[in-house]
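Report on the structure given below.
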Amino acid sequence: MSEAEPISFIADYPLRAHNTFGFDVRAQLACRIERDEQLLAAVRDPRAAGLPRLVLGGGSNIVLTRDFAGLVLLVALRGRRIAREDGDAWYVEAAAGENWHEFVAWTLAQGLPGLENLALIPGTVGAAPIQNIGAYGLEMAERFASLRAVELATGETVELDASACRFGYRDSVFKREGRDRFVITSVTFRLPKAWTPRAGYADVARELAARRHGDGNGSVDAAPSAQAIFDAVVGVRRAKLPDPLALGNAGSFFKNPLVDAAQFDALRQREPQVVSYAQPDGRVKLAAGWLIDRCGWKGRALGAAAVHDRQALVLVNRGGATGADVLALATAIQRDVAARFGVDLEPEPIFL
Ligand code: NAP
């Protein structure tokens, strides 16, 4: 790696445009990374010596509660390509700074289905494995082949497969032991040639049916195309979820809690309406949004931080909120849900 790679740092850098909550915090130092080589040059530069580091892609899964006394690496690595194919699948690689939704749209434009359920998720390609993004019955892990990352301590570029990434529900090694250790530079997805539509989620099924009837084309029983699912997901998300550019938010703020069968039975005795989904492992997933709504939080505010009025799982910045305001709101919700249902809600975003 070249030590001569030119690096420009910006001091006292505003992060408002780099976090989807739109919090007005600043970084002591920031650096835009457009080539892999610049990563090591930046962290090894004497001006950044000893500083804590924060990697930001789209800033869609982070709550910046204060100014950051350290170096922010703004990952702006670009590029996407069909890397290879075999008899069973296409392998598509994208650089970490690519916008996730544009990448998904691009794969479909290449005639490669498989990521359509994950349309319109905010953030970058590099952030997708950190969170193991998921929506409408598909998790990124199911389409993941491998990723490349730079290990900051050693300067080595490593290639990690799915088992090394230890994906779980909205979780990976990068939220745990790997946090601050690796910077993801590109991700390769495996898109099976034997594609089947996944259109079982109620909102998507409804939207597909409405569109078919609206067009007057095709029968309700015809299997939807990947493009039709993509369009339906975009339609549902636009109708239900706030656009971060209009109303700051970080998507779902809490994970859906999993409870064991005994706890679920006890809960259902008291709350027969509880929205739940049985899991293959015998546990039961509860819809966190329903729990929050049931506690009366949907649409309610605490200062400038509020619960979105169309989706209780999304916390929003109504203007001028701080990360501390959102944290206070989240804590109040967790307290009420625990008191009423005996269930702990775990936040999805990372906190600074
Ligand atoms: P929804 O359709 O109102 O459903 C509420 C919850 O019930 C969802 O969280 C979903 O769990 C679960 N669910 C619904 N139908 C299900 C089914 N057929 N089988 C199993 N579980 C089912 O959800 P929503 O809030 O509008 O979100 C729609 C999808 O987008 C969900 O998959 C959600 O996770 C995803 N999403 C993710 C984020 C994020 O920031 N991570 C933000 C917005 C939406 P799952 O969450 O496990 O799918």
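Atoms within a ligand are numbered from 1 in the order they appear, just like the ligands themselves.
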Using a 4.0 Å cut-off to any heavy atom of E348, which atoms of ligand 1 qualify?
39 (C), 40 (O), 41 (N)
Answer yes or no: is there an ion pair linking D36 with R148, defined by an N-O contact shorter than 4.0 Å?
no
Which bit of N256 is near ligand 1, meaning a heavy atom under 4.0 Å away: side chain, backbone, both or neither?
side chain
Proximity winner for atom 6 (C) of ligand 1, if only heavy atoms of A288, A312, A287, P349 are counted:
A287
A side-chain contact here means heavy atoms from C-beta on lying under 4.5 Å apart; do L64 and L15 qualify?
yes
Any side-chain donor near an acceptor of the partner, S252 and E348, under 3.5 Å:
no
E271 and W290 side chains, donor-acceptor separation under 3.5 Å:
no
If you scan protein heavy atoms around atom 7 (O) of ligand 1, the nearest is Y277 CE1, 3.1 Å
Protein heavy-atom partner closest to atom 34 (O) of ligand 1 - residue, atom, separation in Å:
R170 NH2, 2.6 Å
Thinking salt bridges, do E93 and R80 make one under a 4.0 Å N-O criterion?
no
Quick check on G289 - does any of its heavy atoms sit under 4.0 Å from an atom of ligand 1?
no
In Å and rounded to the nearest 0.5 Å, what is the NZ to CD distance from K240 to E207?
11.5 Å
Which of the numbered atoms in ligand 1 are under 4.0 angstrom from any heavy atom belonging to Q311?
24 (P), 25 (O), 26 (O)
With atom 1 (P) of ligand 1 as the reference point, say which of Q279, K285, K240, R310 has the nearest heavy atom.
K240
Just checking, is any N or O donor in the side chain of D265 or Q269 under 3.5 Å from an acceptor N or O on the other one?
no
Quick one: sort the F182 and F174 rings into parallel, tilted or perpendicular, breaks at 30° and 60°.
perpendicular
Does the pair I350 and R179 meet the rule for a side chain to side chain contact (heavy atoms under 4.5 Å, CB included), with working shown?
CA-CA 10 Å; I350 292 167; R179 190 171 165 180; 2.9 Å; yes
Minimum-distance protein heavy atom relative to atom 38 (C) of ligand 1
S252 OG, 3.0 Å
Which bit of L241 gets closer than 4.0 Å to ligand 1, counting heavy atoms only: side chain, backbone, both or neither?
side chain
Would you confirm whether the ring centroid of F189 sits within less than 6.0 angstrom of the ring centroid of Y91?
no
A135 neighbourhood, listing ligand 1 atoms whose heavy-atom distance to it stays under 4.0 Å:
30 (O), 32 (O), 35 (C)
Atom 9 (O) of ligand 1 protein-contacted, heavy-atom criterion under 4.0 angstrom:
yes
CZ on R270 to CD on Q273, rounded to 0.5 Å:
14.0 Å
Here the atoms of ligand 1 under 4.0 Å from any heavy atom belonging to Y136 are 28 (C), 29 (C), 30 (O), 31 (C), 32 (O)
Please list the nearest protein heavy atom to atom 48 (O) of ligand 1 with its residue and the distance rounded to 0.1 Å.
Y201 OH, 2.8 Å
Proximal ligand 1 atoms for R237, defined as those under 4.0 Å from one of its heavy atoms
30 (O), 42 (C), 43 (C), 44 (C)
Need the ligand 1 atom indices (1-based, order shown) with element for anything under 4.0 Å from a heavy-atom of D203.
2 (O)
Atoms of ligand 1, numbered as shown, that sit under 4.0 Å from any heavy atom of G251
40 (O)
